[in-house]
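Scroll down for the structure; my scribbles are underneath it.
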Amino acid sequence: MATATAPEAAGTQKADIFGDAVELPVISRPKPKFELMLTDSSDSDEDLPLAQRKLSLAAARPQPAARPASQASRPPSQSSQRTDTKRKSTGTGGSIKKKARESDASTRPRRSEQAAPDAAEIRWTTLEHSGVLFPPEYQPHGVKMLYDGVPVDLTPEQEEVATFYAVMLETDYMTKETFKKNFWEGFSEVLGPKHAIQCLRKCDFTPIYEWHMAERERKRALTKEEKLRLKEEREAAEADYKFARVDGKQEQVGNFRVEPPGLFRGRGEHPKMGKIKKRIYPRDITINIGKGCPLPKHPFPGQTWREVRHDQTVTWLAYWRDPVNTKEYKYVFLAATSTWKSESDLLKYEKARKLKDSIADIRAEYTRNWDARDRRERQMATALYFIDKLALRAGHEKDEDEADTVGCCTLKVENVECLPPNHIKFDFLGKDSIRYENTVDVDPKVFQNLQLFSREDANGKAKQPGDQLFECFDAQDLNVRLKELMDGLSVKVFRTYNASIVLDRLLTGEVDSESVEAKKAAYDTANKEVAVLCNHQRAVPKGHVGQMEKLTAKMEALHAELAELQADLKLALKGLPGKDGRKLNAESLENRASKKQQQIEKAEINFKVKEDLKTVALGTSKINYLDPRITVAWCKRNEVPLERIFNRSLYQKFAWAMEVEPEYAF
DNA sequence: TCTACAACTTAGTACCACCTAC
DNA sequence: GTAGGTGGTACTAAGTTGTAGA
């Protein structure tokens with residue numbers, strides 16, 4: 001039985017992967033397979049544990065100004081009251097959408113220009129980097145697509161767009177009319193009105209697709225040496241862009257590559273899927289860099305960056321406007337391992353831990369408000385119950401040109417079904433158009449409220465499909481309320497809190513096995529609980545059915561072999577020869593049967609795990625929701641090598657959590 | 001007061017390199 | 001040596017949030 005290792009008894013050892021400054025309690029684990037990228041140790045607080053350092057940093061930084069007293073003390077009933085009339089129902093199945101944004105962002109003064117940023121907002125003093133890496137210019141291949149069975153000449157620009165489409169011929173997008181319609185709009189524009197190609201139906205992109213597949217195969221068939229040479233060339237080209245220097249410290253850049261052109265691959269039924277994502281040039285990109293630093297170079301003579309800023313209040317290095325969703329931006333940020341991201345992670349988990357101290361009061365408050373006379377109060381309290389218990393996302397109103405997905409605050413009446421006596425069935429498309437389907441038992445008061453909210457609005461008018469379930473408030477209103485309950489609280493904190501507290505609870509007991517395999521399985525089970533809670537789904541892996549069939553056949557073969565061994569063993573124990581007259585050795589047969597049994601058990605576990613997890617994504621919660629200190633502490637207590645749980649990336653991302661005490665509780 | 005922007009986090013998927021079993 | 005499986009990683013879409021400014 002594994003026992004928790006007391007820190008005093010455990011002592012500490014230097015762990016070279018973390019650099020000299022970090023000490024780990026002794027646990028029996030092999031040297032990790034990978035090295036952490038060492039951070040600059042010139043910080044004056046280098047003797048502090050990393051976690052404390054970050055906290056100290058956070059504490060040292062002036063806190064943002066408190067909310068105006070008027071806002072802070074405003075009684076809930078007086079806060080931005082949203083009425084039924086404000087949010088009109090479409091009654092046609094569509095959700096209420098925001099008015100399309102029309103103003104040009106470039107005409108708006110930027111935050112940093114409005115006034116000198118106060119000290120609380122300054123994120124850096126010096127910032128040096130090499131900008132962004134552009135994808136190579138298009139190289140025409142000369143393969144002709146067919147129109148009405150006849151090869152057609154295309155200009156390089158037209159050929160490029162045709163190729164965007166051709167490479168997607170075998171994807172599900174080809175079954176989507178929206179995708180094809182949007183592509184055709186873009187393609188026909190590139191072709192021009194007088195082009196021979198006049199409709200998509202007669203287009204045959206197969207020759208280009210076949211060329212693409214042959215290219216892929218050619219690259220796959222390169223020799224090891226050729227592949228290595230290409231890799232080295234690629235790395236040499238990227239070297240300058242991989243790192244930035246922030247206040248003198250080298251930091252990894254996350255996404256330094258400019259997104260290449262292609263077709264927009266929106267998820268679910270995104271109305272813009274198939275639109276052409278045009279090529280981005282320096283003239284589209286705004287660079288953020290320290291004053292006096294050399295400007296990043298780019299390979300386009302005659303072009304200049306769209307703009308160069310020296311905004312010390314933000315952490316992005318570059319951005320450009322999304323060419324498809326033109327109201328949005330694409331940013332280049334530092335990598336997850338950077339100090340900025342680590343700080344931000346730590347603060348996120350500390351905020352979630354703070355919620356732990358307030359959660360009882362918050363629950364008491366929303367429970368009281370299930371009976372509130374004010375409909376808005378009652379709706380908010382009901383919604384918050386679901387956010388808390390089911391870890392639902394906030395859900396903001398969306399434009400017509402976005403996928404029609406919802407969160408808690410934007411649920412429509414048809415997304416919930418009240419099943420007496422107290423079951424609520426949820427069925428809606430959430431983020432990424434992932435379906436949330438869940439039936440839960442709720443408090444009778446919540447059940448009554450939901451029946452009312454889905455039946456009629458505040459004026460007693462019957463609701464129709466497409467109408468909002470909670471029509472009296474939105475996510476922003478709820479966040480304002482949450483800030484009254486706890487400083488810094490917002491809806492998303494509940495997801496972090498719930499994910500981490502569930503993991504913490506599930507990992508509290510001792511694992512009933514000495515084997516690392518069994519311990520890891522216990523961890524994965526807990527991880528799975530969280531993933532299910534957060535509705536982290538994935539597509540069933542390709543070939544899953546085939547794999548399961550193979551596993552089934554393998555298990556059947558193993559069982560048959562075991563049966564044979566057991567039959568022989570019976571004969572051997574009676575001193576009889578085998579069916580074929582062979583002499584049998586009982587001891588050997590017993591060993592072989594035992595090994596076979598183990599093989600069967602292993603295969604059965606493998607089968608079950610595979611089937612269980614075929615639609616569950618474990619990684620998302622590990623990366624975003626689970627306080628890594630829970631995992632690190634559990635590994636220390638249970639003598640599980642951390643690299644069995646965290647891969648290299650997570651190891652680096654959570655470097656700040658490594659020296660946590662084994663007794664750490666979320 | 002409200003909307004839209006700007007900045008950031010969270011998310012699933014495609015692809016590729018590596019490992020393992022045969 | 002090879003095929004198939006697996007895990008890591010890059011990519012980029014799609015959320016959330018706080019707040020400026022009309």
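Chain naming here is simple, since letters A, B, ... match the order of the sequence lines and numbering starts at 1 in each.
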- Query: Can you tell me if the side-chain N/O atoms of Arg257(A) get under 4.0 Å from OP1 or OP2 in dC11(C)?
  - Reply: yes
- Which part of the nucleic acid does Pro135(A) contact within heavy-atom distance under 4.0 Å: base, sugar-phosphate only, or nothing? nothing
- Does the pair Arg229(A)/Glu233(A) count as a salt bridge with the N-to-O cut at 4.0 Å? yes
- Task: Report yes if the distance between the aromatic ring centroids of Phe256(A) and His129(A) is under 6.0 Å, otherwise no.
- Result: no
- Contacts of Ser344(A) and Arg265(A) projected onto DNA chain B by closest heavy atom; the upstream (5') one is Ser344(A)
- Query: Is the Tyr173(A) to Phe183(A) ring centre distance short of 6.0 Å?
  - Reply: no
- Item | Side-chain N,O (Arg220(A)) to OP1/OP2 (dC15(B)) below 4.0 Å | no
- Nearest-nucleotide comparison on DNA chain B, the residue closer to the 5′ end among Val314(A) and Ser621(A): Val314(A)
- Query: For His396(A) and dG15(C), is the shortest distance between a side-chain N/O and OP1 or OP2 below 4.0 Å?
  - Reply: no
- Task: Can you spot which of Ile645(A), Asn527(A), Thr525(A), Val640(A) makes a side chain to side chain contact (heavy atoms under 4.5 Å, CB included) with Lys520(A)?
- Result: Ile645(A)
- Query: Does Gln476(A) get its side chain close enough to the base of dT19(C), under 3.5 Å, for a donor-acceptor pair?
  - Reply: yes
- With a non-hydrogen cut-off below 4.0 angstrom, is Lys277(A) in contact with a base, only sugar-phosphate, or nothing? sugar-phosphate
- Of Val258(A) and Leu489(A), whose nearest nucleotide on DNA chain C comes first from the 5' end? Val258(A)
- Task: Assign Gly395(A) to base, sugar-phosphate, or nothing according to its heavy-atom contacts below 4.0 angstrom with the strands shown.
- Result: sugar-phosphate
- Message: Quick check for you: among dT12(C), dC8(B), dT16(C), whose closest atom lies nearest to any side-chain atom of Glu259(A)?
- Response: dT12(C)
- Note on the structure: Which of dT13(B), dT10(B), dA7(B) is nearest the side chain of Lys348(A)? It is dT10(B)
- Message: Quick check on dG8(C): is either OP1 or OP2 less than 4.0 Å from any side-chain nitrogen or oxygen of Ser649(A)?
- Response: no
- If you measure only the distance, is there a donor-acceptor pair under 3.5 Å linking the side chains of Thr631(A) and Tyr523(A)? yes
- Between Arg267(A) and dT12(C), does any side-chain N or O lie under 4.0 Å from OP1 or OP2? no
- Is Arg629(A) paired with Asp627(A) through a side-chain N to carboxylate O contact shorter than 4.0 Å? yes
- Query: Is any side-chain N or O of Tyr319(A) closer than 4.0 Å to OP1 or OP2 of dC8(B)?
  - Reply: no
- Task: Spell out, as yes or no, whether a donor-acceptor pair under 3.5 Å connects the side chain of Asn479(A) to the backbone of Val491(A).
- Result: yes
- Query: Are any of His536(A)'s side-chain N or O atoms less than 4.0 Å away from OP1 or OP2 of dA11(B)?
  - Reply: yes
- Distance-only donor-acceptor test (3.5 Å): side chain Lys341(A), base dT9(B): no
- Side-chain atoms of Lys492(A) come closest, of dA10(C), dA11(B), dT16(C), to dT16(C)
- Does the side chain of Glu269(A) pick up a donor-acceptor pair with the side chain of Thr178(A) at under 3.5 Å? no
- If you look at every strand shown and take non-hydrogen atoms under 4.0 Å, does Phe264(A) touch a base, only sugar-phosphate, or nothing? sugar-phosphate
Give every pair of a protein N or O atom and an N or O atom of nucleotides 5-7 of chain C that lie under 3.5 Å apart, one pair per line with the distance.
{"from": "dG5(C)", "atom 1": "OP1", "to": "Lys550(A)", "atom 2": "NZ", "distance (Å)": "3.2"}
{"from": "dT6(C)", "atom 1": "OP1", "to": "Lys610(A)", "atom 2": "NZ", "distance (Å)": "2.5"}
{"from": "dT6(C)", "atom 1": "OP2", "to": "Gln547(A)", "atom 2": "OE1", "distance (Å)": "3.1"}

- Closest to the side chain of Trp316(A), out of dA7(B), dG15(C), dT16(C), is dA7(B)
- Message: Between Thr315(A) and dA7(B), is there a contact of a side-chain N or O with OP1 or OP2 at under 4.0 Å?
- Response: no
- Using only side-chain N and O atoms of Lys227(A), determine if any of them is under 4.0 Å from OP1 or OP2 of dC16(B). no
- Task: Determine whether the aromatic ring centres of Phe428(A) and Tyr436(A) lie less than 6.0 Å apart.
- Result: yes
- Task: Remember a base hit wins even if backbone is also touched, and classify Gly430(A) as base, sugar-phosphate or nothing at under 4.0 Å, heavy atoms.
- Result: sugar-phosphate
- Task: Kindly point out which of dG12(B), dT9(C), dC8(B) is positioned nearest to the side chain of Arg648(A)?
- Result: dT9(C)
- Would you indicate which nucleotide in dC8(B), dA11(B), dT13(B) comes nearest to any side-chain atom of Thr620(A)? dA11(B)
- Item | Leu263(A) vs Ser490(A), nearer the 5' end of DNA chain C by closest nucleotide | Leu263(A)
